[in-house]
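Remarks on the structure that follows.
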Amino acid sequence: MDKIEAKKRIDYLKETLWENSRKYYVDNAPTMSDYDYDQMMHELEALESEWPEFLTPDSPTQKVGSDIDKPFADNAESGIKKEFAQYKHKYPMLSLGNTYSIGEVEEFAERAVKTLDSGFTYSCELKFDGTAICLTYKKGKLFRALTRGDGVVGDDVTENARHISNIPQYLKGDNIPDEFEIRGEILMPFSAFDRLNKEREEMEEAPFANPRNAASGSLKLLDSKEVAHRGLWCTLYHIPADSVMFATHSQALDAAASWGLPVSDKRKICHNIEEIEDYINYWDTQRKNLPYPTDGIVIKINELAFQRTLGYTAKSPRWAVAYKFKAESALTKLLSIDYQVGRTGAVTPVANLDPVLLSGTVVKRATLNNSDQMQILDIHENDYVYVEKGGEIIPKITGVEISKREPGAKMPQFPTVCPDCGAQLAKTEGEAKWFCPNTDGCPTQIKGKMIHFLARKAMNIIAGEATVNQLFDLNLAQTPADFYDLKKSQLLTLEGWLDKSSQRFLDSLKESRSVPFERVLFALGIRFVGEQTAKSVAQHFGNIDAIAAASKEELLAIGDVGEVIANSIYDWFRDERHIIEVQRLKAAGLQFTCEAPSEPTSNALEGMTIVISGNFSISRDAMKELITRNGGKNSGSVSGKTTFLLAGEKPGPEKIKKCESLGVRIVSEQEFMAMIPAAEASASPQESEPMSIKNQQEAIGSLFSFDDNQPETVKENTLFDDEPTLF
């Protein structure tokens, strides 16, 4: 692999990992298995090690995945939007390296023995598959509950935590510290998960993919009473050493349990690698009998003094490692293959299987991804296939048992025409999937776009796939604009519609008229235009008419828009059917103009185009807001029009080089703050400060120090791996 190929692969891995990190932490709807995600992360780490000039601070190998949905958290049930208060963690919530190899666990133990010689033990614990939580108790009373957030700042979910039945509001017992933190996981037991998904299906809402997603989504609901209904469960596994005085990790947890806190009783103290492997092998089987999801084992050096001795690498503690269970696999018969058409026209093969039990659920269908994957698997009709639930989420076929193949079995033929509308399928060079090009005439694509329009992150209209199918089949709704023409009298004549459900649907249509323009643009379903791109385009042009009239060159002037997206937007607005649809939606009262941006509080940066790069004492979003508030303009890339590059710690080397080649000035954060009014600079959100690797290690090491002079807050912004959560 040469330098150009390495750069291209690194950029692809970064983009893919960040996209799936967002889907995992924010959307709670992952599309990639944990194993595939981890393998891509390891590949990126290896490439960045080989090509260090391409290692940047914004790489997913250097930053903790964030569950903060900035700036708002959505309540899917009520449609209300409300911002969660955010607070800095007293101690950073770090991450932990992981492995799927027993051999690497043995290497971990060997390094510990070599460094520590003797006199230490291991604390082996289940790795729970939920969402991280940090609880603070003051004088024995629950004071605050924070999500992991970005590792430095978390969302305040205290009121929701009070409605989780096994989180105590008051502690009991002796020697309870005046104030301490304890960290763990919020889980959704399988029984609660099954009940919740059944309720969602009855309400025509999309079911959660797995208990982890359901737990994460439920913890961020705005209705605390609904949180209580979800049946969440908490298990706790770590007290930062500065919070309490104990010699070992296990003593700290035993004390927490005696105070009434829900600490796991599945822990075990091990003395050597043989005992560790016995523990792993036992739970690899027995975890299937647990009432909640787990995905591995965490092994920690038990003695806190030895934890300080081992210290940290640039991103992980040397005193702990997570072993992740391999995905459960089963052999079953392939009954048939369906070819499904998606909203964008992509045709995906889906295998129908003889039902088989995997990870606590019965699997009847599994994806085959695309025609290339079918050929790689060499799959034949009526084959016996191996099925896995990658990361306990997505059923997929991983292999074929050739010895059980029937004589004369034929290979399935991937269709050449759309299975829905009969249009000739097309395949773009470089893409693995075949597409139906009949975007506005293929019934499945039309219904898919209508479902997308209704979605929570689009128009947030209370209806689902069943409603769309019913209205489409009865010719009552063929495009999103048709929804707004429906009358209650029409709905009441339809099967399954009662007065309450009809009114609920119509009320949500009425409320959708106030949805801001950027979400309306996203709801239109223009190919390649996601939430962020829609927001950037809407804010750049201000209204739908300006977008419709824009040239490709004008579209390309937007930082988030490349050639593929520009072509897609341009072509979409050149279709008369789309213009008519927009006109009808306008007439229905939807928002097609951005709200006027707030007036700058100063003109200190007026006429300046500023590019930011690196880490700052406030978040990058807050820094961009500060630029806008003072009359400046943010840009994503350095060009001849750039006034200066605002460089924090570890700015991108490529941007620095481009500044040097173009003669663009580079400004530090301190210099920048001096450019704007002092009141503006001091009013910026107080978040984490950037730190060097040396300072990072010192700060993290102090988490397990018994020094009474340790400052209350670790201010530095630590940069760690996304998976899995340690604290």
Side-chain angles (χ1 to χ4, degrees), residues 71-72 74 79-81 343-344 439-440 445-463 468 471 476-487 505-562 564-599 628 633-634:
F72 294 107
D74 288 328
I80 299 171
K81 300 195 78 175
R343 175 176 67 88
T344 63
T439 56
D440 292 295
Q445 290 188 65
I446 293 171
K447 288 187 281 188
K449 290 181 175 66
M450 292 167 70
I451 293 168
H452 169 76
F453 182 88
L454 299 169
R456 177 172 62 91
K457 290 183 177 293
M459 303 305 294
N460 196 24
I461 296 167
I462 301 174
V468 169
L471 296 175
L476 290 173
Q478 301 291 302
T479 74
D482 291 336
F483 292 133
Y484 295 91
D485 293 334
L486 292 169
K487 303 292 189 292
F505 173 64
L506 293 173
D507 287 344
S508 68
L509 280 170
K510 182 179 180 180
E511 291 170 5
S512 74
R513 290 177 168 89
S514 62
V515 165
F517 175 38
E518 57 263 27
R519 278 175 54 191
V520 177
L521 184 61
F522 170 61
L524 294 179
I526 303 171
R527 194 175 180 198
F528 304 122
V529 178
E531 291 174 74
Q532 185 56 49
T533 300
K535 184 175 182 179
S536 298
V537 172
Q539 291 179 348
H540 181 85
F541 287 102
N543 61 72
I544 194 74
D545 294 331
I547 299 172
S551 65
K552 292 181 183 179
E553 291 72 22
E554 289 172 321
L555 290 164
L556 285 167
I558 305 171
D560 292 350
V561 174
V564 171
I565 297 175
N567 287 335
S568 180
I569 295 172
Y570 182 85
D571 291 342
W572 195 90
F573 283 101
R574 297 304 170 282
D575 189 315
E576 185 63 24
R577 291 169 296 186
H578 299 156
I579 299 301
I580 293 171
E581 179 72 5
V582 168
Q583 290 172 347
R584 292 185 62 203
L585 291 171
K586 273 186 181 181
L590 273 63
Q591 301 295 318
F592 280 103
T593 301
C594 277
E595 293 183 6
S598 56
E599 288 295 320
T628 303
K633 177 183 176 184
N634 288 286

Quick one: do L486 and L471 satisfy side chain to side chain contact (heavy atoms under 4.5 Å, CB included)? Show the steps, please.
CA-CA 10 Å; L486 292 169; L471 296 175; 3.9 Å; yes
Work out which heavy atom in [X] is nearest to a heavy atom in [Y]; give both atom names and the distance.
{"X": "D482", "Y": "L476", "value": "CB-O, 3.8 Å"}
{"X": "A548", "Y": "F573", "value": "CB-CD2, 3.5 Å"}
{"X": "L521", "Y": "A538", "value": "CD2-N, 4.1 Å"}
{"X": "S568", "Y": "I526", "value": "OG-CG2, 3.7 Å"}
{"X": "Q445", "Y": "T344", "value": "OE1-C, 3.7 Å"}
{"X": "F505", "Y": "I462", "value": "CD1-O, 3.5 Å"}

As an exercise, state the distance from [atom1] of [X] to [atom2] of [Y], rounded to the nearest 0.5 Å.
{"X": "M459", "Y": "L590", "atom1": "CE", "atom2": "CG", "result": "4.0 Å"}
{"X": "K447", "Y": "I451", "atom1": "NZ", "atom2": "CD1", "result": "8.0 Å"}
{"X": "N567", "Y": "F528", "atom1": "CG", "atom2": "CZ", "result": "9.5 Å"}
{"X": "D507", "Y": "S512", "atom1": "CG", "atom2": "OG", "result": "11.0 Å"}
{"X": "D571", "Y": "R527", "atom1": "CG", "atom2": "CZ", "result": "11.5 Å"}
{"X": "F541", "Y": "I569", "atom1": "CZ", "atom2": "CD1", "result": "8.0 Å"}

Neighbour count >12 (heavy atoms, 6.0 Å) for atom NZ, K510:
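No, because the 6.0 Å sphere around NZ of K510 holds 12 heavy atoms or fewer from other groups.
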Test your reading of the model: is there a side-chain donor-acceptor pair from K449 to the backbone of R343, 3.5 Å cut-off?
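Yes; judged by distance alone, with no hydrogens or angles, the pair exists.
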With V515, which of E518, E511, R519 fulfils side-chain contact (heavy atoms from CB on, under 4.5 Å)?
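Single pass found, and it is R519.
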Partners passing side-chain contact (heavy atoms from CB on, under 4.5 Å) against A481 (at least two apart in sequence or in another chain)
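side-chain contact (heavy atoms from CB on, under 4.5 Å) list for A481, sorted by chain: T479, E581, R584, L585.
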Just jot down the ring pair (Phe, Tyr, Trp, His ring centres under 6.0 Å) partners of F483, sequence neighbours excluded, or say none.
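Listed in chain order: nothing, the list is empty.
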Please list, chain by chain and in numerical order, all residues satisfying ring pair (Phe, Tyr, Trp, His ring centres under 6.0 Å) with Y570, sequence neighbours excluded.
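Result, ring pair (Phe, Tyr, Trp, His ring centres under 6.0 Å) vs Y570: none returned.
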Evaluate the side chain to side chain contact (heavy atoms under 4.5 Å, CB included) criterion for residues V537 and V529: first the C-alpha distance (whole Å), next the side-chain angles of each, then the deciding distance (0.1 Å), finally the verdict.
CA-CA 9 Å; V537 172; V529 178; 5.7 Å; no
Walk me through whether F522 and H452 qualify under side chain to side chain contact (heavy atoms under 4.5 Å, CB included).
CA-CA 9 Å; F522 170 61; H452 169 76; 3.4 Å; yes
Run D545 and F592 through side chain to side chain contact (heavy atoms under 4.5 Å, CB included) and show every step you take.
CA-CA 8 Å; D545 294 331; F592 280 103; over 6 Å; no
Do the rings of H578 and W572 sit parallel, tilted or perpendicular, given the 30° and 60° boundaries?
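Ring orientation of H578 relative to W572: parallel.
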